[in-house]
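A quick write-up on the structure given underneath.
Everything numeric in this text was worked out from a predicted model, so none of it was measured.
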Amino acid sequence: MNDRIVDVEWVAERLDAPNVVVVDVRDAWEYEGIGHLPGAVSVPFDTFRAEEHGAAEAGMLPGADAFAAIAEAAGIDPDDEIVAYDDTHGVFAARFLVTAELYGHDPARLHLLDGDYSVWNRSQPTTTDEPDVTASTYPAAFRTDGPLIDREAMAAAVDDPDATIVDTREEWEYEEGHIPGAVRLDWRELVDTDARTIRPEAELRELLAERGIDPDGRVVLYCNTARRISHTYTVLRALDYSEIAFYEGSLTEWEREDGRLETGDSESPENDS
């Protein structure tokens, strides 16, 4: 895998690098009370997540101005390497990284800590000291040419035989209702829950092949509110999947706009796309 996902040693070697910013997206009380990586800045998940669907450019994105303010307060410069982590297998941290990408940060400079705070804490020092942060200038702008697609593009993908639609939710959610033609890939299937790290590359590729998710094809991801697909998106990018569409509106928007659903293995007649 490429360095979209990086291990503890990779991060430890770069903690003191001037162009590396480590971002802790856990709740502030965890950052302050439990401890954090040395030098890490606190950017809690709820600060870069809109409270209501559709509040900004799409889905639950915070808006370009809000994200710029968050990045500036954290001392993040546009050319910095960003490493994000949480304590939930990386799913919240991945959401931060995808958000940064959608607002213009170079994807090659965005990295997810493989595992999470618990994995780091097994072998590396932590601290409760807060770093001195110098505010930056961060010109965030929403990427209209990025991976994000809207409902119309999602509907087109349903009718596109060359697109593989991937539902990253749990099995029971998928069975209750999913976008027509979607294959199920619970985001947690990509994680070794005992080790708390991403599964080995060979296992990932075997799993993805079993589900018909082709690295050379077009992949369209969704969940309920685009949090879980952030993790799957990050893993697929680390595996060099090149054509990944990110449906920010996800099932929340799809259902609100009366998108057609399938339940189990059969279509639901209730909705019409």
Side-chain angles (χ1 to χ4, degrees), residues 4-5 23 25-27 43-56 58-62 84-102 107 110-117 146-151 154 157 163-179 181-193 196-199 203-204 207-208 211-213 219-239 241 244-256 259 261-262:
R4 287 270 190 152
I5 298 174
V23 177
V25 306
R26 298 173 301 157
D27 290 340
V43 184
F45 177 73
D46 60 5
T47 65
F48 59 89
R49 175 84 156 173
E51 294 182 359
E52 296 183 2
H53 185 76
M60 293 185 173
L61 292 173
Y85 71 91
D86 56 31
D87 203 12
T88 319
H89 305 302
V91 67
F92 295 98
R95 177 64 184 182
F96 179 82
L97 297 174
V98 171
T99 303
E101 178 177 347
L102 293 174
L110 298 171
H111 314 281
L112 178 69
L113 174 63
D114 190 11
D116 49 28
Y117 178 76
L148 187 146
I149 62 170
D150 59 16
R151 187 201 175 281
M154 184 74 243
T164 301
I165 300 171
V166 179
D167 184 317
T168 65
R169 301 173 303 152
E170 294 183 51
E171 184 174 8
W172 69 267
E173 294 174 288
Y174 176 86
E175 291 178 350
E176 283 192 350
H178 56 268
I179 292 176
V183 298
R184 186 183 65 82
L185 179 73
D186 187 332
W187 73 273
R188 292 175 300 183
E189 293 182 82
L190 305 177
V191 175
D192 180 330
T193 54
R196 302 186 70 88
T197 55
I198 304 298
R199 290 171 62 179
E203 293 183 13
L204 292 174
L207 171 63
L208 293 165
R211 303 293 169 85
I213 304 170
V219 179
V220 183
L221 302 173
Y222 79 92
C223 57
N224 281 338
T225 60
R227 174 177 59 85
R228 288 175 280 188
I229 62 173
S230 298
H231 187 275
T232 306
Y233 175 85
T234 300
V235 174
L236 294 185
R237 283 298 195 207
L239 293 170
Y241 278 63
I244 311 173
F246 188 97
Y247 181 29
E248 172 68 27
S250 279
L251 208 63
T252 300
E253 178 181 78
W254 184 261
E255 288 191 287
R256 189 184 68 217
L261 295 178
E262 289 179 349

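Met154 is not listed as a side-chain neighbour of Glu253, based on a closest heavy-atom distance of 4.5 Å or more. Counting heavy atoms from C-beta outward, Arg4 and His111 have side chains that stay 4.5 Å or more apart. Under the 4.5 Å side-chain criterion, counting only non-hydrogen atoms from C-beta, Val91 is not in contact with Val191. Contact annotation: the side chain of Glu170 approaches that of Arg188 to within less than 4.5 Å [non-hydrogen atoms, C-beta and beyond]. Side-chain contact check for Val166 versus Leu236: every heavy-atom pair is 4.5 Å or farther apart. Phe48 places a side-chain heavy atom less than 4.5 Å from the side chain of Val25. Taking 4.5 Å as the limit, every side-chain heavy atom of Thr88 sits out of range of all side-chain heavy atoms of Asp116. Using a 4.5 Å cut-off on side-chain heavy atoms (C-beta onward), Glu173 and Leu251 make no contact.
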side-chain contact (heavy atoms from CB on, under 4.5 Å) between Ile165 and Tyr247: does it pass, once the steps are laid out? CA-CA 10 Å; Ile165 300 171; Tyr247 181 29; over 6 Å; no
Decide yes or no on side-chain contact (heavy atoms from CB on, under 4.5 Å) for Trp187 and Val235, but give the supporting numbers first. CA-CA 9 Å; Trp187 73 273; Val235 174; over 6 Å; no
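The existence of a salt bridge linking Asp87 and Arg26 is excluded, since no basic side-chain nitrogen approaches an acidic carboxylate oxygen closer than 4.0 Å. A salt bridge does not link Arg169 to Glu176: none of the charged side-chain nitrogens sits closer than 4.0 Å to a carboxylate oxygen. Between Glu248 and Arg95 there is a salt bridge, with a side-chain nitrogen of the basic residue lying less than 4.0 Å from a carboxylate oxygen of the acidic one.
Nearest heavy atom pair, residue Leu112 against residue Ala94, reads CD1-N, 3.9 Å. Taking all atoms of both residues into account, the shortest heavy-atom contact from Ala56 to Pro62 is CB-C, 3.7 Å. Here the closest heavy-atom approach between residue Ala93 and residue Asp86 is recorded as N-OD2, 2.9 Å. Taking both residues in full, the closest heavy atoms of Ala157 and Ala163 are given as O-CB, 3.9 Å, listed atom of the first, atom of the second, then distance. Contact detail for Arg237 and Pro147: the closest heavy-atom pair is NH2-CB, 4.4 Å.
Applying the side chain to side chain contact (heavy atoms under 4.5 Å, CB included) test between Phe246 and each of Val219, Thr232, Ile229 identifies Ile229 as the sole match.
Remark: side-chain polar atoms of His231 are not paired, donor with acceptor, to backbone N or O of Leu190 under 3.5 angstrom. Not a single donor-acceptor pair under 3.5 Å links the side chain of Thr197 to the backbone N or O of Gly115.
For Asp167 and Tyr222, the side-chain atoms include at least one donor-acceptor pair closer than 3.5 Å.
A search for side chain to side chain contact (heavy atoms under 4.5 Å, CB included) contacts involving Ala245 returns Ile149, Arg218, Val220, not counting sequence neighbours. Under the side chain to side chain contact (heavy atoms under 4.5 Å, CB included) criterion, Glu189 pairs with Arg184, Leu185, Asp186, Leu207, Arg211, not counting sequence neighbours.
Distance check, rounded to the nearest 0.5 Å: CG of Leu208 to OH of Tyr241 gives 4.0 Å. Here Ser250 contributes atom OG and Arg227 contributes atom CZ; the two are 11.0 Å apart, rounded to the nearest 0.5 Å. Atom-to-atom distance recorded for Leu148:CG and Ile244:CD1 is 13.5 Å, nearest 0.5 angstrom. Atoms CG and CG, on Leu102 and Leu97 in that order, are 11.0 Å from each other to the nearest 0.5 Å. For the atom pair CG of Asp192 and CD1 of Ile198, the computed distance is 9.5 Å after rounding to the nearest 0.5 Å.
Between Phe45 and Phe92, the two ring planes are perpendicular [angle over 60°; tilted spans 30° to 60°].
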